[in-house]
Amino acid sequence: MPVDVVREIELIEQLEQNHHLTKQEFQELLELRFATGNIDEQQEMDQILFAKARKIQNRIFGNQIYIRGLIEFTNYCKNNCYYCGIRRENGAVERYRLSREQILDCCKEGYQLGYRTFVLQGGEDPYFTDDRICDIVSTMKDNHPDCAITLSLGERERESYERFYQAGAERYLLRHETANESHYRWLHPPELSLEHRKACLRALKEIGYQVGAGFMVGSPGQTVEHLAEDLEFLWELQPHMIGIGPFISHKETPFANEKNGSVEQTLFLIGILRLMFPKCLIPATTALGTLAADGRERGILSGANVIMPNLSPVSVREQYSLYDNKICTGEESAQCTQCIQNRMKNIGKRIVVDRGDYPNNQ
Ligand code: 5AD
Ligand code: FES
């Protein structure tokens, strides 16, 4: 066996046992996998990691996959992140906001389809004041008391997060995007800071939310060292959910000509995350499904255990264009739930009607 593979197996076994490596070791592991141009070696390393990730996944979650109904309720955004297609300065995108009634209708429909978690995701849109969000959240909660409500609205004041929590939101997704200061500045305009993002994540945790963080794989300027820092940061944060997906360029952004991230690297990182965080809720993301037709299935087979199908009205889906060629935006995607059910069945998994909380007692 080649010496690189031997060393890699050693690191993976260490990770399996301790759920953790030093930053140096994380970096070494990623370098061994990402630097080798030998496809056989890559596949060998992947299979070793994914088998261990699946074993853990199976022990904690069996063959169950959780679904979250994603409602992309506004594509207005006051931010100007260089990678994102709904950034403020993209004048080419048609902006929309769902009305309170439209959002509630999405939930009603989702409930009938078996969803017990709704994710309200949107750009940072000042129209949706704290009062408006609280009203929507508490009405959702009144209508569907057995459902979990997840918010993903970006950075707000601690007091706002507290109000949303009191209104009935229990989970919050806020990807950190990159844990390295200078890389964060490379991806974001000066008015955004990693420090503030981290402060938001800590506040959310303190308030009592189940918190989700995460990053893009292969974003412009990203190095293996940055990825090791992402893993270190996640270890320190101990989130309940971790969303990662490949960076995909969007033609109306400053990163229009940048290279897309890699599906294989994303899958490898999902495997590592499953070993680090056995109980974590890790989605096989839409971005993964966009770069490979079987990306989400492969995400699940690498250790992910959540899928987030789109519940937004089909008429607006095209406009929530974070990146180019996003899947599930056409007419055919009115049936995402059925599609996902079939896809999961084909790989021996089962979608369950369940809130899919973070497992506390296993
Ligand atoms: N490619 C991949 N992911 C992206 N996101 C935003 N823009 C892109 C892109 N161009 C991700 C970010 C954000 C999440 C909602 O979508 O990580 O947190
Ligand atoms: Fe949306 Fe398949 S999941 S069309």
Side-chain angles (χ1 to χ4, degrees), residues 65 67-75 77 79-87 90 93 113 119-124 150-155 172-179 183-184 187-188 192 197 200-201 212-220 222 230 241-263 266 283-297 299-300 307-312 314 317-318 320-346 351:
I65 298 296
I67 44 170
R68 320 296 195 196
L70 185 62
I71 303 167
E72 297 164 335
F73 70 100
T74 173
N75 72 348
C77 191
N79 288 338
N80 217 9
C81 307
Y82 304 140
Y83 46 85
C84 183
I86 62 168
R87 65 199 302 270
N90 179 7
V93 67
L113 290 167
V119 182
L120 277 186
Q121 183 163 92
E124 294 197 11
T150 306
L151 296 180
S152 181
L153 334 167
E155 300 182 9
Y172 204 101
L173 303 179
L174 182 67
R175 290 192 181 175
H176 65 281
E177 312 297 358
T178 172
H183 189 223
Y184 198 92
L187 299 180
H188 301 94
L192 294 176
R197 176 111 341 188
C200 287
L201 283 164
F215 55 91
M216 288 177 288
V217 179
S219 58
Q222 186 180 62
D230 286 320
M241 304 166 281
I242 301 172
I244 69 168
F247 162 77
I248 305 173
S249 68
H250 186 294
K251 57 184 183 317
E252 301 292 342
T253 66
F255 289 158
N257 298 319
E258 299 286 341
K259 239 177 62 213
N260 289 341
S262 133
V263 170
T266 306
T285 54
T286 306
L288 200 49
T290 296
L291 283 194
D294 58 352
R296 287 168 298 177
E297 288 90 332
I300 298 289
I307 301 261
M308 301 171 66
N310 201 321
L311 283 184
S312 316
V314 176
R317 285 194 200 173
E318 192 88 53
Y320 204 83
S321 56
L322 304 180
Y323 44 79
D324 287 337
N325 304 317
K326 189 167 169 239
I327 52 169
C328 300
T329 58
E331 284 304 323
E332 80 295 344
S333 63
Q335 305 293 333
C336 282
T337 311
Q338 192 56 53
C339 170
I340 281 296
Q341 241 146 19
N342 294 339
R343 284 169 182 267
M344 293 300 109
K345 203 165 142 221
N346 288 339
I351 299 283

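First listed ligand is number 1; within each ligand, the first listed atom is number 1. In this chain, numbering begins with 1 at the start of the sequence shown.
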If you count every heavy atom of other residues, nucleotides or ligands that lies below 6.0 Å from [X] atom [atom1], does the total exceed 12?
{"X": "Asn342", "atom1": "CG", "result": "yes"}
{"X": "Asn257", "atom1": "CG", "result": "no"}
{"X": "Glu331", "atom1": "CD", "result": "no"}
{"X": "Gln335", "atom1": "CD", "result": "no"}

Using 2.8 Å as a strict upper limit, say whether an N, O or S atom of Cys339 approaches atom 2 (Fe) of ligand 2 that closely.
yes
Can you sort out which atoms of ligand 2 are near Ile340, meaning under 4.0 Å from one of its heavy atoms?
3 (S)
Close approach, Pro246 and ligand 1, non-hydrogen under 4.0 angstrom:
yes
Using a strict 4.0 Å threshold on nitrogen-to-oxygen distance, state whether Glu155 and Arg197 make a salt bridge.
yes
In Å and rounded to the nearest 0.5 Å, what is the OG1 to CZ distance from Thr253 to Arg87?
6.5 Å
In terms of atom number and element, which parts of ligand 1 are under 4.0 angstrom from non-hydrogen atoms of Met216?
2 (C), 3 (N), 4 (C), 5 (N), 8 (C), 17 (O)
Could you list which atoms of ligand 1 come closer than 4.0 Å to a heavy atom of Glu177?
12 (C), 13 (C), 17 (O), 18 (O)
Among all the protein's non-hydrogen atoms, which is closest to atom 16 (O) of ligand 1, and how far away is it?
Leu322 CD1, 3.5 Å
Considering only non-hydrogen protein atoms, determine which one is nearest to atom 3 (S) of ligand 2 and report residue, atom name and distance to 0.1 Å.
Arg296 NH1, 3.2 Å
Based purely on interatomic distance, does [X] place a nitrogen or oxygen under 3.5 Å from a nitrogen or oxygen of ligand 1?
{"X": "Ile248", "value": "yes"}
{"X": "Tyr83", "value": "yes"}
{"X": "Arg175", "value": "yes"}
{"X": "His250", "value": "no"}

Do the side chain of Tyr172 and the main chain of Leu153 share a donor and acceptor less than 3.5 angstrom apart?
yes
Going by atom types alone, do Arg68 and Thr150 pair a side-chain donor with an acceptor below 3.5 Å?
no
How open is the angle at atom 1 (Fe) of ligand 2 from atom SG of Cys336 over to atom SG of Cys328, rounded to 10 degrees?
100°
